[in-house]
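Structure record follows, encoded as structure tokens.
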Amino acid sequence: MYPLRRNRRLRTTEAVRSLVRETIITPSDFLMPIFVVEGKNIKEEIASMPDCFRFSLDLLEKEVKEIWALGIKSVLLFVKVPENLKDNAGTEAINPEGLMQRAVKTVKNTVPEMLVMTDVALDPYSSFGHDGIVSEGKILNDDTTAILAEMALSHAQAGADFVAPSDMMDGRIFEIRTLLEDEGFYETGIMSYSAKYASAFYGPFRNALGSAPGFGDKKTYQMDPSNRDEAVRETLMDIDEGADIVMVKPGLCYLDIVRDIKNVVNVPVAVYQVSGEYAMIKAAAEKGWLDHDAVVLEQLTAIKRAGANIIATYFAKDAVKLLS
Ligand code: PBG
């Protein structure tokens with residue numbers, strides 16, 4: 001009771017503030033998404049994501065060395081698939097010589113200690129821009145999970161440490177886990193996008209990969225932003241099916257979900273600060289309306305405070321530099 005308690009005593013100097021600080025972000029919290037493209041000597045900036053690039057494999061080597069030196073120890077790979085290789089069956093997704101499979105090998109050959117996670121979903125490979133196989137305007141669930149399991153296996157065979165299914169089909173964690181076990185990949189982890197919402201914040205990412213849905217939207221598989229209990233249900237099911245790490249996506253608008261999940265699970269929780277969240281900060285900072293660095297650190301801290309053990313963020317490099 002005031003004046004016996006004056007809360008400002010614990011805020012008087014940076015020394016005392018740092019002594020009582022509850023949440024501290026560090027470089028090992030970050031998982032860095034990286035976009036990969038076919039070709040040579042390519043480092044092209046993504047128009048809707050300033051300072052974020054698509055790399056050809058030769059330049060990916062350089063990037064990976066650089067981020068390892070900065071203290072970033074995990075990457076999440078995404079590939080931009082040439083249009084002529086897209087179909088409605090995920091054929092290219094399981095090509096052992098596909099871009100993702102070569103990207104995994106490139107990272108592992110360059111920095112063997114780097115933790116490599118791969119995106120598992122059909123949208124970059126789909127002629128319809130959907131995360132699953134399409135039939136008569138519908139996204140087929142079980143046909144899709146079968147191919148996702150094969151895709152995950154092919155990433156594991158290429159050397160991926162973790163596969164990260166981002167598609168939101170029912171039962172895909174079970175299918176993937178079962179196939180990995182059957183094939184002897186006992187140590188391959190699964191980071192499941194468990195509570196992934198049908199969000200408008202993915203727009204810039206879809207530009208980056210040229211993977212926007214050709215018809216309709218993703219609301220029959222990604223979650224309704226209005227729902228909260230469902231996120232817990234989805235997440236608990238993924239853990240039962242064999243997920244090692246669960247994820248909430250997007251980040252900032254969904255931190256209530258992060259806390260709900262954190263309160264009931266006992267596996268690590270990841271949060272994906274997505275492309276639209278990134279783009280908003282970049283755009284406002286470009287206009288001089290926000291202090292870029294301060295806002296980045298504040299948002300990442302808020303994500304961790306909400307309960308994230310792992311943060312997938314396009315700001316990983318910025319944040320690590322700012323923290324050092
Ligand atoms: C696709 C996938 C998406 C993202 C990650 N994996 C887009 C989507 O679901 O349409 C979005 C990431 C971002 O916006 O940064 N399976």
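As the structure lists them, so they are numbered: ligands from 1, and atoms in each ligand from 1. What you see is a predicted model; the values in this text were computed from it and never measured.
In this structure, T188 and R177 approach most closely via the heavy-atom pair O-NH1, 3.1 Å.
Test Y272, Y314, Y202 against Y278 for ring pair (Phe, Tyr, Trp, His ring centres under 6.0 Å) and you get one pass: Y314. Of the residues R54, R102, K80, the one that meets the side chain to side chain donor-acceptor pair (under 3.5 Å) test with E38 is R102. No option in K317, K282, K321 other than K282 meets the salt bridge (charged side-chain N to carboxylate O under 4.0 Å, His left out) test with D51.
Residue D119 has at least one heavy-atom neighbour below 4.0 Å for each of these atoms of ligand 1: 6 (N). For ligand 1, the atoms closer than 4.0 angstrom to any heavy atom of A121 are 16 (N). For ligand 1, the atoms lying closer than 4.0 Å to a non-hydrogen atom of K218 are 8 (C), 9 (O), 10 (O). Below 4.0 Å from some heavy atom of S166 lie the following atoms of ligand 1, by number and element: 1 (C), 2 (C), 6 (N), 16 (N). Against a heavy-atom cut-off of under 4.0 Å, D131 is close to the following atoms of ligand 1: 1 (C), 16 (N). Near Q222, meaning under 4.0 Å from any of its heavy atoms, are these atoms of ligand 1: 8 (C), 9 (O). Contact atoms of ligand 1 toward F78: 5 (C), 6 (N) (distance under 4.0 Å to a heavy atom of the residue). Of all atoms in ligand 1, listed by their number and element, those nearer than 4.0 Å to a heavy atom of Y314 are 12 (C), 13 (C), 15 (O).
Applying the 6.0 Å contact sphere to CZ of R5 captures no more than 12 heavy atoms from other residues, nucleotides or ligands.
Among all protein heavy atoms, the one lying closest to atom 14 (O) of ligand 1 is S275 OG, 2.7 Å. At the top of the distance list for atom 1 (C) of ligand 1, counting protein heavy atoms only, stands D123 OD2, 2.8 Å. With respect to atom 2 (C) of ligand 1, the closest heavy atom belonging to the protein is K196 NZ, 3.2 Å.
Checked by atom type and distance alone, the side chain of E45 never pairs as donor or acceptor with a backbone atom of F53 at under 3.5 Å. Under a 3.5 Å cut-off, the side chain of R172 and the backbone N or O of L148 do not form any donor-acceptor pair.
Contact annotation: E277 has no heavy atom less than 4.0 Å from any atom of ligand 1.
Here atom 4 (C) of ligand 1 lies nearest to K249 when heavy atoms of K249, R206, M168 are compared.
Taking the six-membered ring where tryptophan is involved, the planes of F78 and F35 are tilted, since the angle between them lies from 30° to 60°.
Between E22 and K304 there is no salt bridge, since no side-chain nitrogen of the basic residue lies less than 4.0 Å from a carboxylate oxygen of the acidic one.
Looking at Y272 against ligand 1, only its side chain comes within 4.0 Å, counting heavy atoms.
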